[in-house]
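Following: one structure in structure tokens, then a few remarks.
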Amino acid sequence: MKNRLLVTAALPYANGYIHLGHIAGAYLPADIFVRFKRLCSEEIIFVCGSDEHGTAIEISAMKENVTPREIIDRFHFANKDAFAKLGISFDIYSRTSNEIHHKTSQDFFLNLFDKNLLVQKTEKQLYSEKDKRFLADRFVEGTCPICGYEEARGDQCEKCGSNLTPLELKDPKSKISGDTPVVKESINFFFPLEAFQPKLEEWIKGKTNWKPNVKNYCEGWFKTGLKDRAITRDLDWGVKVPVKNTEGKVIYVWFEAPIGYISATKELFIERGTPEKWKDYWCEEDTRMVHFIGKDNIIFHAIVFPAMLMAHGGFVLAENVPANEFLNLDGAKLSKSKGHGILVKDVVESFNPDVVRYSVASNMPENKDSDFSWEDLQSKNNNELAAILGNFINRTVVFAKNKFDNKIPARVSGEVPEIFAYIKSQKKVIEDCYNNYKFRDALNETMNIARAANKYFNDSEPWKVIKTDEAKCGEIINDCLEIAHSLAIAIAPVIPFTSEKILKVLGKDNSDFSWDKIGDLVLKGDTELGENEILFPQIELAAPKEEEVVVVEENLITIDDFKKVKLATAVVIHAEAVPKSKKLLKLKVKCGSKEKQIIAGIAEHYSAEQILNKTVLIVDNLKPAKLMGLESQGMLLAAKIDGKLKVITVDGEIADGADVS
RNA sequence: GCCGGAGUAGCUCAGCUGGUUAGAGCGUCGGAAUCAUAAUCCGCAGGUCGGGGGUUCAAGUCCCUCCUCCGGUACCA
């Protein structure tokens, strides 16, 4: 029986804060899986760490005029802390700047080198005499040979989107010193990926339980043919190449980073005082290794890293690579650079981590990119966590408190109601979901227990029974408390903090806290219950700022102040309600030769039809603002008093686009 | 450009190798109940499955084509 599990989650790059997209893609599914397996008492470790080398970090350091070490320290500790607050339960969160990692990846490199597996190729590269170094792609800036853009990067022109090599750039300059580099030859080592293609194809063909998107993606690569990849670079910041005459070269991050999983495992067992035990996980054939990643990482975990492990020999290969798609925010992709993202470190400050975990888990991008929104989080909290789960626990515990002296009422009849059989059958259903990496289904099936629990409470009507038969009523409440205990176990992988709270309320230790106890009767009658608390208070999200339709200005202004405001006539050529908004209409107005989108807060007073074709006054030079995610490029003037609102129109016919003063 | 993925009820998503009236959660609406955080329970309604063409007795599910979005990768044959 294979039951030793090695679970990895993609190493976050220590050049930025992790956001909700990362969580949804890799860390939360990994954590849920691991927590489930721990409940099943499987031997398991969960390793991760910061990926801390590479050009991007070096560039960040230069920009801020600090050392790379400062950059990686900042993000490593911040991310480690954010993960912890969100309850991501790594056994170790290491970092690739650690000595043990440098040693491990150098040994790995040497192993391949000694076997003569590495190919050396001479390449032309840009070299800066002034900087005394070869310039990596991103350290070069110049004129794009295709569109003529003068600030194209060495790897890509941001203007026209062409991918480039530094040698193609016209008039290249070093980003470090502005120096004009020269072309120089540099010898680099290559990993013979091409040679491993047959073995990889064979290996992946046998993986019948992999997600189809992952398999298809790999097959796509095989079709075009794998190519050898450079594994060394001319850089300072990184793991030094452990071979003579390679000064100024480091091991390319893509090669060295995944070895971080091995280094982290070694570190973990050194900490635990059993330094040799890492081999059980990496070298024993009955270990099952699972890599949790986002879809951007498939090639490295399903093709490159396995090929590296094959080349080295003596290591287990991944049993599965359950890659997730991406999580979008309000329909648009999460992006650090565009400021469109939710950082974990921020979200855990303002929300219960379990609410975040739940809302992300219930909408995990398992098969396709999925959409996250704050409204969704609110609705998941209020309508599901609070209404279904929280409410069940609360109504049960409050009932016991009020009618049974805050103690667990005793069972008397010796009968076990049917719902416990249902719970046990759900336990199997949920297990299957987890074992097939279907986390959303697992969660929904878990919540079905809570739904059934509420139904049981309703149907049993303890509030009526208590009037005629107190012992029977007590038994119903005992049932419900037992159900709560089962729920605490079943839901623990997803919302571990809440699970603990439920246990505390039940006055129960964790002696029966294991997966196989779901559906069992484990509570002792007459036990005092713990202090009850509302598990999920309602979340009221602040309403999005809606446009102030009328600016009431009490203070006097000068004519110059007034001239700053450019007013114009415009005709409404399109109008529609903004979904989920009471007050907003989305308008398209024509103002002379241009068209503008204006989000106006008049829906309570005008329907789309009523405003259509009216000639109105607008503020033309208002700074655009976003309302309910829609850009508003101006403001409609209207008169408002005592809750009555009328749009300002023009007396008689005049063309749109006319100045107003 | 090329490779892979996605476009299904108001919203967020399921639909394995083609087969009875296309499913779930949430929301909406109607009813019941009142122990509980106005929380629960029962019931109804909601989709010509991105557009167009084709294969088949039968297609959301296969093929072709077009459009949109996401990821990867590339001017190398």
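Applying the 90° criterion around 0 to the glycosidic angle, G46(B) comes out syn.
Put simply, CD1 on Ile534(A) is 6 Å from P on U37(B), counting in whole angstrom units. One can place CG of Leu389(A) at 16 Å from C1' of C26(B), the figure rounded to the nearest angstrom. Rounded to a whole Å, the CG atom of Leu327(A) is 12 Å from the P atom of U12(B). When the P atom of C35(B) is taken as reference, atom CG of Asn391(A) falls 13 Å away, rounded to whole Å. Distance CD (Glu461(A)) to P (A32(B)): 15 Å, rounded to an integer number of Å. Separating the CH2 atom of Trp374(A) from the C1' atom of U12(B) is a distance of 17 Å, rounded to the nearest angstrom. Rounded to whole Å, atom C1' of A32(B) lies 12 Å from atom CG of Asp459(A). If you measure from atom CD of Glu366(A) to atom P of G15(B), you get 9 Å, rounded to the nearest angstrom.
Within the 4.0 angstrom heavy-atom criterion, no nucleotide atom of any strand lies near Thr396(A). Within the 4.0 angstrom heavy-atom criterion, no nucleotide atom of any strand lies near Ile299(A). Ala386(A) comes within 4.0 angstrom of a nucleotide base, judged by non-hydrogen atoms across all strands. Here Asn402(A) lies out of heavy-atom contact (under 4.0 Å) with every strand. Using a 4.0 Å heavy-atom distance criterion, Lys223(A) is classed as a sugar-phosphate-only contact. Contacts of Thr224(A) with the nucleic acid, taken as non-hydrogen atoms under 4.0 Å apart, are absent. Using a 4.0 Å heavy-atom distance criterion, Ile388(A) is classed as a sugar-phosphate-only contact. Counting non-hydrogen atoms under 4.0 angstrom, Lys227(A) reaches a base of the nucleic acid.
In this view, Lys380(A) and Ser362(A), Asp376(A) satisfy the side-chain hydrogen bond (donor to acceptor under 3.5 Å, both in side chains) rule, not counting sequence neighbours. Applying the side-chain hydrogen bond (donor to acceptor under 3.5 Å, both in side chains) test to Asn458(A) and every residue at least two apart in sequence or in another chain returns Arg395(A). With sequence neighbours excluded, the residues satisfying side chain to side chain contact (heavy atoms under 4.5 Å, CB included) with Pro409(A) are Phe404(A), Ile477(A), Leu481(A). Residues satisfying the side chain to side chain contact (heavy atoms under 4.5 Å, CB included) criterion with Lys472(A), sequence neighbours excluded, are Val465(A), Asp469(A). Considering only residues two or more places apart in sequence or on other chains, Glu366(A) meets the side-chain hydrogen bond (donor to acceptor under 3.5 Å, both in side chains) condition with none of them. The side-chain hydrogen bond (donor to acceptor under 3.5 Å, both in side chains) search around Asp432(A) returns none, not counting sequence neighbours. Annotation: side chain to side chain contact (heavy atoms under 4.5 Å, CB included) contacts of Leu377(A) (sequence neighbours excluded): Phe351(A), Val355(A), Val356(A), Ser359(A), Phe372(A), Trp374(A), Ile539(A).
Stacking of the aromatic ring of Phe399(A) onto the base of C35(B) is not found under the criterion of centres within 5.5 Å and planes under 30°.
Looking at residues 435-458 of chain A, you'll see Arg440(A), Asn444(A), Arg451(A), Asn454(A), Lys455(A), Phe457(A), Asn458(A) sit with a heavy atom under 4.0 Å from some atom of RNA chain B.
For the C1' atoms, the distance from A38(B) to C69(B) is 40 Å, rounded to whole Å. Only the P atoms considered, C63(B) is 15 Å distant from G19(B), to the nearest whole Å. Straight-line distance between the C1' atoms of C70(B) and A9(B): roughly 24 Å, to the nearest whole Å. Comparing A14(B) with A22(B), their C1' atoms sit 11 Å apart, to the nearest whole Å. A gap of 12 Å separates the P atoms of C64(B) and C3(B), to the nearest Å. When the P atom is used for both C67(B) and G10(B), the distance is 27 Å, rounded to whole Å. Taking the C1' atoms as reference points, C75(B) lies 39 Å from A59(B), given to the whole Å. Using C1' as the reference atom, A33(B) and C42(B) are 10 Å apart when rounded to the nearest Å.
Judged by distance alone, the side chains of Glu325(A) and Asn213(A) do bring a donor and an acceptor atom under 3.5 Å apart. Looking only at atom types and distance, the side chain of Asn324(A) has a donor-acceptor partner in the side chain of Lys211(A) under 3.5 Å away.
The phosphate of A39(B) (OP1 or OP2) has no side-chain N or O of Asn394(A) nearer than 4.0 angstrom. Contact annotation: Asn383(A) reaches the phosphate of G27(B) (side-chain N/O to OP1 or OP2, under 4.0 Å). Side-chain N/O atoms of Asn216(A) include none lying less than 4.0 angstrom from OP1 or OP2 on C3(B).
Rounding to the nearest 0.5 Å gives a distance of 9.0 Å between CD1 of Ile32(A) and CZ of Phe292(A).
Listed nucleotides: G25(B), G15(B), C35(B). Nearest to the side chain of Glu384(A): G25(B). Comparing atom distances between the Lys368(A) side chain and each of G7(B), G71(B), A36(B) picks out G7(B) as nearest. Side-chain proximity of Trp221(A) to G72(B), C70(B), A36(B): nearest is G72(B).
When each of Arg229(A) and Ser379(A) is assigned the nucleotide of RNA chain B bearing its nearest heavy atom, the one mapping closer to the 5' terminus is Ser379(A). Heavy-atom distances to RNA chain B give each of Ser362(A) and Pro212(A) a nearest nucleotide, and the one nearer the 5′ end belongs to Pro212(A).
With contacts defined as side-chain heavy-atom distances shorter than 4.5 Å, the pair Thr446(A)/Val494(A) does not qualify. Between Thr498(A) and Ile491(A), the closest side-chain pair of non-hydrogen atoms is not below 4.5 Å.
Under 4.0 Å is where a charged nitrogen must lie from a carboxylate oxygen, and between Glu431(A) and Lys427(A) at least one such pair does.
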Grab the N/O contacts between the protein and nucleotides 16-18 of chain B below 3.5 Å, and write none if there aren't any.
none

Close N/O contacts between protein and nucleotides 59-68 of chain B (under 3.5 Å):
none

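Below 30°, between 30° and 60°, or above 60°: for Phe191(A) and Phe196(A) the angle between ring planes is below 30°, a parallel geometry.
Counting only distance, with no hydrogens or angles, the side chain of Asp228(A) and the backbone of Glu194(A) share a donor-acceptor pair below 3.5 Å.
Between Val253(A) and Gly54(A), the shortest heavy-atom contact is CG1-N, 3.7 Å.
Contacts classified as salt bridge (Lys or Arg N to Asp or Glu O under 4.0 Å) and involving residues 353-365 of chain A (residues at least two apart or in different chains) are given here: Asp31(A)-Arg357(A).
Stems are defined here as 3 or more consecutive Watson-Crick or G-U wobble pairs with pairing distances under 3.5 Å; those involving RNA chain B are B:1-7 with B:67-73, B:10-13 with B:23-26, B:29-32 with B:40-43, B:50-54 with B:62-66.
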